[in-house]
S.K.: 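I am attaching a structure below and will ask some questions about it afterwards.
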2 protein chains.
Amino acid sequence: MTKKNATIYDISKKLNVSVATVSRALNDNPRISQATKDLVIKTAKEMNYKQNNLAKALKSGETKNVGIIVPYINTNFFSSVIRGIEEELSLHGYHVIICQSHEDVLTEKKHLNTLLNAQVDGIFMSVSRTTVDTKHIQQILDTSNTPIIFFDRKKDIPGISTVTIDDYKGGYMATEHLIEEGYKNICHFAGDLNLEIYQNRLNGYKQALIDHKFKVKEENIISTGSSIDAGIEAIKTLWSRPSIPDAIFSSSDFAALGACQELKKRKIKIPQEVAVIGFSNEPFTQFMELPMSSMDQTPLIMGNMAGQVFIDHIKDNSSGVSIEKKVVLAPQICVRKSSKRK
Amino acid sequence: MTKKNATIYDISKKLNVSVATVSRALNDNPRISQATKDLVIKTAKEMNYKQNNLAKALKSGETKNVGIIVPYINTNFFSSVIRGIEEELSLHGYHVIICQSHEDVLTEKKHLNTLLNAQVDGIFMSVSRTTVDTKHIQQILDTSNTPIIFFDRKKDIPGISTVTIDDYKGGYMATEHLIEEGYKNICHFAGDLNLEIYQNRLNGYKQALIDHKFKVKEENIISTGSSIDAGIEAIKTLWSRPSIPDAIFSSSDFAALGACQELKKRKIKIPQEVAVIGFSNEPFTQFMELPMSSMDQTPLIMGNMAGQVFIDHIKDNSSGVSIEKKVVLAPQICVRKSSKRK
DNA sequence: TTGTACGCGTTATCAG
DNA sequence: CTGATAACGCGTACAA
C-alpha cells in the first residue's frame with residue numbers, strides 16, 4: 001500500500017478534461033475560464049496534488065536549486081554567509097544545496113561535478129586551501145552555462161563574479177588602529193598565503209606601516225595557521241628573540257586567542273604591554289576574559305550580496321548578456337579592550 | 001552561442017548505435033561487449049557528456065536529495081548537526097538542501113511543502129518554537145512516503161524516527177554535579193517549555209533535587225529565553241529577593257553568560273559564592289573570563305546518527321518494512337571553573 | 001475556451 | 001549482444 005502522488009493526469013481523468021486544461025488552470029493561464037480553474041484547483045487540493053518540480057525542471061531546464069561549496073559548514077563565518085545566501089534566494093524560490101570541500105581540492109572538484117549533474121542553476125563557492133590550480137573551475141566555465149560565484153576566498157578567473165570584503169583595507173585598518181593607539185613594534189600573524197584573503201591582509205598591514213613611516217620587518221611576519229595552538233607557538237617564537245613586539249595583528253581570531261592565552265600564562269599584560277587584534281569577529285571574541293578587538297567580515301551581507309549577484313546573472317543571461325560583477329564590501333573594525341591603551 | 005549538454009542521444013547518433021546501448025554501456029551493464037563499452041565511454045568523455053540526474057530522477061523516483069529544516073543555520077549547534085548529516089549522507093551519494101524556519105511554524109510548513117514538491121527523498125527537521133499544532137506534519141505522513149526524521153527538537157508523532165540527546169539526563173547530571181560540589185540552593189533557568197528539550201531539562205533538574213533530598217521550589221525556576229539579556233534579567237530578579245541562590249543551572253549557554261556578566265558586575269564571585277553551568281557547550285564557554293561549565297550535545301554525532309537512521313529507512317522501505325527508530329544520545333558534562341568550588 | 005501530441009533525457013521492457 | 005519504444009510528469013505549440 002504505497003502512497004503515490006497524484007498527477008495532473010489523475011486530475012484530468014477525474015474531471016473529464018484534458019491534462020493541458022489542468023496544467024493551464026493550475027498555472028493560472030488567462031485562457032481558461034474561471035469556472036474550470038476553480039474546479040481544477042479545488043479537486044487538486046482534494047486529491048492532495050503536489051506539482052512534481054522534477055518534471056517541470058526537466059522541461060524548463062531550471063531546477064531552482066543552487067549549490068554552495070565551502071570548506072566546512074560549521075564555522076561562524078561560513079554558516080552565516082550561507083544564511084545570507086539562503087535568505088536572499090528563498091525570496092526568489094530557490095533552494096540551496098550545501099557541500100563541504102574539507103579544504104581538499106579533489107573533493108571540491110567532485111562536488112562541482114555532482115552539482116552540475118544535479119543540474120543546479122548556479123554554484124557559489126569559497127575555494128579550499130589546497131586549490132592552487134584552477135583548471136577544474138575553468139573547465140566548467142568553458143563547457144557549461146552554469147554561473148559560478150566566488151565569495152570570500154576567490155581566484156582570479158575571467159568570467160566569474162566575486163563577492164569579497166576588502167581584506168587589504170581590513171589589514172590596513174587594523175594596523176593603523178594599532179599605530180594610532182601608540183604601538184610601535186607591530187607584528188603580523190599571516191595565514192595561508194596561497195589564499196588571496198591572507199595575502200591581502202598582509203599587504204594592507206605592510207602598507208599601513210609604510211604610510212606611517214614604520215619599517216616592515218620580515219621577522220615580524222609570522223606564518224601561523226588559523227588555530228589556537230599556532231598562536232601559542234607564535235608567541236613562544238617571538239618571545240625567544242631579543243626584540244619583542246608590542247602589538248599583534250592576527251589574520252585569524254583563533255591564532256589571536258592562542259596568543260592571548262600564552263601571553264596571560266607569561267603574565268604579560270594586554271593591552272598595556274601588548275595589544276592584540278584578530279580577524280573575523282568570531283562570537284567568542286566579545287566574551288573573552290579580555291574582550292578582543294577584531295575585524296568583522298559582515299558575512300550575512302556578503303551572503304545577501306552573493307545571492308543578488310546570482311539573481312542578476314539569471315536576469316542578464318535570459319536577455320543574452322553576461323556580465324562579470326565584482327562586489328567588494330568594507331570590513332568593520334570592532335575595537336575592544338585588547339587593543340585600547342589610551 | 002549557448003552551450004548545451006551532450007545527451008546519450010547525441011552519443012548514439014555519433015556512433016550509430018541505439019540510445020539503449022549507450023545507456024547500458026555507461027551503466028556498465030554486463031550484456032554489452034567490452035569493445036562497445038570502451039568506445040561509448042571514450043566518446044562520452046570526448047563529448048564532455050554529463051549524466052542528467054533530473055531525467056534519471058524523474059524515471060526512478062529518487063532525487064538523491066534530502067531536505068533539512070532548522071530554525072537558523074548559523075548557530076554552532078545546528079550547523080554542526082548539519083555537518084554531521086552531510087558527511088554521513090554524502091558517503092551514500094546524497095545532497096542536502098537547507099531551509100530555515102526562522103522559528104515560525106508557517107514558514108516551516110511552507111518549506112515542508114516546497115521540499116516535497118522538489119521530490120526530496122527524506123526530510124530532517126528540528127521543529128520551530130512556534131510549532132504547537134503538528135497537523136501539517138501529520139498530513140505529510142498520511143499522504144506521502146517521504147520519511148521524516150526529527151533531531152533534537154522533536155514532537156511525539158507515531159511513525160516518525162527521532163534522534164535526540166537525553167535532555168532529562170542532561171538536566172539531572174548538571175544538577176547532581178552542582179549538588180556534589182556542595183551547592184545547596186540551586187535555581188534553574190528554564191527555556192521555552194513548548195519544546196520538549198527544555199521540559200526534559202527541567203524535569204531532570206527536579207528529579208535530581210528530589211533524589212538528593214532537596215525541595216523543589218517553584219520560585220527557583222525562572223523562565224528565561226536563550227538570550228544574554230534574559231540571563232541578566234533573571235539575576236536581577238533573583239537578587240531582589242530575600243533568599244538568594246548559590247548555583248544556577250541554565251538551559252541555555254547564552255542566558256548563563258548573561259548571568260555571569262551580571263554577577264561580575266555585582267562583584268559576586270563565581271564559583272565561590274555562586275556556581276554556573278550552562279547547556280550546549282557553545283564554543284565561547286571555554287574562552288570566557290572564567291571558563292563556564294556546560295553540557296555538550298554532541299551535535300556532529302547527532303547528525304551522523306540522523307543520517308544513518310535515514311539510510312536505514314531507505315533500506316527498510318525498499319524491503320517493504322518501515323520501522324520507527326528512536327535514537328537517544330548521552331550528553332557529556334564539561335566541568336570547568338564556573339562550577340568547581342572544591 | 002479547450003484538446004492533442006510532442007519533447008525534456010533517462011532507464012527498462014520486450015524483441016530480435 | 002543490440003535495437004526500438006514506452007514510460008516518468010509536466011508545459012506548450014498547434015489545432016479545433
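Protein chains get the first letters and strands the later ones, always in sequence-line order, with residue 1 at the start of each.
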S.K.: Given the side-chain rings of Phe124(B) and Phe310(B), with only the six-membered ring counted for Trp, is the space between their centroids under 6.0 Å?
M.R.: yes
S.K.: Rounded to the nearest Å, what distance is computed from the CG atom of residue Asn29(B) to the P atom of nucleotide dC1(D)?
M.R.: 11 Å
S.K.: Does atom NZ of Lys155(A) have more than 12 heavy-atom neighbours, drawn from other residues, nucleotides or ligands, at distances under 6.0 Å?
M.R.: yes
S.K.: According to a strict under-4.0 Å criterion, is Ser23(A) in side-chain N/O contact with OP1 or OP2 of dG11(D)?
M.R.: yes
S.K.: Could you check Ala55(B) against Arg24(B) and say which one's nearest nucleotide on DNA chain D is further toward the 5' end?
M.R.: Arg24(B)
S.K.: Just the rounded figure in Å: distance from P of dG9(C) to CD1 of Ile11(B).
M.R.: 12 Å
S.K.: Is the phosphate of dT11(C), meaning OP1 or OP2, less than 4.0 Å from a side-chain N or O of Gln51(B)?
M.R.: yes
S.K.: Distance check needed: dA7(D) C1' versus Asn52(A) CG, whole Å only.
M.R.: 14 Å
S.K.: In terms of the angle between their ring planes, are His111(A) and His95(B) parallel, tilted or perpendicular, with boundaries placed at 30° and 60°?
M.R.: tilted
S.K.: Nearest-Å distance, CD (Glu62(A)) to C1' (dG11(D))?
M.R.: 13 Å
S.K.: Please classify the nucleic acid contact of Ser60(A) as base, sugar-phosphate, or nothing, using heavy-atom distances under 4.0 Å.
M.R.: nothing
S.K.: Identify whether any heavy atom of Thr7(B) sits under 4.0 Å from a base atom; if not, whether one sits that close to sugar-phosphate; answer base, sugar-phosphate or nothing.
M.R.: sugar-phosphate
S.K.: For the pair made of CZ in Arg31(A) and P in dT2(C), what is the distance, rounded to whole Å?
M.R.: 11 Å
S.K.: Using the closest heavy atom to pick a nucleotide of DNA chain C for each, name whichever of Val19(A) or Ile32(A) lands nearer the 5' end.
M.R.: Ile32(A)
S.K.: Could you check whether Lys50(B) gets within reach of a base, just the sugar-phosphate, or nothing at all, counting any heavy atom under 4.0 Å?
M.R.: sugar-phosphate
S.K.: Contact class for Asn27(B) (heavy atom, under 4.0 Å): base, sugar-phosphate, or nothing?
M.R.: sugar-phosphate
S.K.: With a cut-off of less than 4.0 Å, is there a side-chain N or O of Thr21(A) near OP1 or OP2 of dG3(C)?
M.R.: yes
S.K.: Just how far, in rounded Å, is P of dG9(D) from NZ of Lys59(A)?
M.R.: 16 Å
S.K.: Only one of Asn194(A), Leu106(A), Val105(A) passes side chain to side chain contact (heavy atoms under 4.5 Å, CB included) with Thr131(A); say which it is.
M.R.: Val105(A)
S.K.: So which one's nearest nucleotide on DNA chain C is more toward 5', Pro30(A) or Ala20(A)?
M.R.: Pro30(A)
S.K.: Scan Lys326(A), Lys154(A), His313(A) and name whichever one has a side chain to side chain donor-acceptor pair (under 3.5 Å) with Ser161(A).
M.R.: His313(A)
S.K.: For the pair made of CG in Asp28(B) and C1' in dC1(D), what is the distance, rounded to whole Å?
M.R.: 15 Å
S.K.: Using the side-chain heavy atoms of Leu58(B), tell me which of these nucleotides is nearest: dT11(C), dC8(D), dG3(C).
M.R.: dC8(D)
S.K.: Tyr9(A) has an atom OH; how far is it from atom P of dC8(D), in whole Å?
M.R.: 10 Å
S.K.: For Asn53(B), answer base if it contacts any base atom (sugar-phosphate contacts may also be present), sugar-phosphate if it contacts only those atoms, and nothing otherwise; contact means non-hydrogen atoms under 4.0 Å.
M.R.: nothing
